[in-house]
Amino acid sequence: MTDEERLPQPAAIEIDLVTVLHALGDPVRMRLLTSYADGAEHSCDPRHLGLEHLHKSTVSHHMRVLREAGVTSTRVAGRNRYVSLRRTDLDARFPGLLDALLTATGAATTTAATATATG
């Protein structure tokens with residue numbers, strides 16, 4: 001994947017804890033975090049994210065906030081956008097943060113479930 005295929009995002013070392021926490025301080029963005037926690041790429045369609053009650057521009061705004069904070073990465077494929085969680089970067093920068101947030105929201109991740117099953 002080349003940088004041209006990604007929308008602008010901070011480098012891993014530039015991800016700031018206060019900015020991440022501020023970005024995740026909104027219930028819609030926490031909902032997006034739990035959706036992205038499965039490790040897959042997700043389309044930006046609000047219906048696929050359980051946010052069909054929100055206007056597309058509102059969902060796009062929330063996705064932009066997460067991307068600019070360094071929480072997610074957005075891949076461009078023609079007119080489509082695919083979003084994924086920057087779990088590796090966030091875990092390296094702030095160990096345990098995502099697990100704590102996802103546990104607090106009741107979301108189980110594949111990684112956490114696998115670690116528990118094999119641990």
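Judged as a side chain to side chain contact (heavy atoms under 4.5 Å, CB included), and not counting sequence neighbours, the contacts of L17 are L21, F94, L97. Listed by chain and number, the residues in a salt bridge (Lys or Arg N to Asp or Glu O under 4.0 Å) with R47 are D45 (sequence neighbours excluded). Residues passing the salt bridge (Lys or Arg N to Asp or Glu O under 4.0 Å) test with D26, sequence neighbours excluded: none. The ring-ring contact (aromatic ring centres under 6.0 Å, His included) test applied to H42 returns Y36, not counting sequence neighbours. In this structure V65 satisfies the side chain to side chain contact (heavy atoms under 4.5 Å, CB included) test together with A23, R29, H61, sequence neighbours excluded. Scanning for side chain to side chain donor-acceptor pair (under 3.5 Å) contacts around S60 gives an empty result, with sequence neighbours left out. Applying the side chain to side chain contact (heavy atoms under 4.5 Å, CB included) test to A77 and every residue at least two apart in sequence or in another chain returns R75, Y82. In this structure H55 satisfies the side chain to side chain donor-acceptor pair (under 3.5 Å) test together with S57, sequence neighbours excluded. When the side chain to side chain donor-acceptor pair (under 3.5 Å) test is applied to T19, the partners found at least two apart in sequence or on another chain are D16. In this view, R86 and D89 satisfy the salt bridge (Lys or Arg N to Asp or Glu O under 4.0 Å) rule, not counting sequence neighbours. When the side chain to side chain contact (heavy atoms under 4.5 Å, CB included) test is applied to R31, the partners found at least two apart in sequence or on another chain are T34, S35, L51.
Contacts classified as salt bridge (Lys or Arg N to Asp or Glu O under 4.0 Å) and involving residues 56-74 (residues at least two apart or in different chains) are given here: R64-E68.
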Steps toward side-chain contact (heavy atoms from CB on, under 4.5 Å) verdict (R6, V76): CA-CA 6 Å; R6 297 245 174 241; V76 178; over 6 Å; no
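Between the side chain of R93 and the main chain of I13, a donor-acceptor pair closer than 3.5 Å is present. Judged by distance alone, with hydrogens and angles left aside, the side-chain atoms of T103 form a donor-acceptor pair with the main-chain N or O of D99 at under 3.5 Å.
A distance of 5.5 Å separates OG in S84 from CD in E41, rounded to the nearest 0.5 Å. Summarising the geometry, atom OG1 belonging to T72 is positioned 9.5 Å from atom CG belonging to L33; distances are rounded to the nearest 0.5 Å.
Here the closest non-hydrogen pair linking V59 and C44 is CG1-O, 4.4 Å. The two atoms that bring I15 and G70 nearest to each other are CD1-O, 3.5 Å, heavy atoms only. Contact between M63 and S43 at its shortest, heavy atoms only, is CE-O, 4.4 Å.
Just one residue in the list V83, L24, L66, L85 forms a side chain to side chain contact (heavy atoms under 4.5 Å, CB included) with L32, and that residue is L66.
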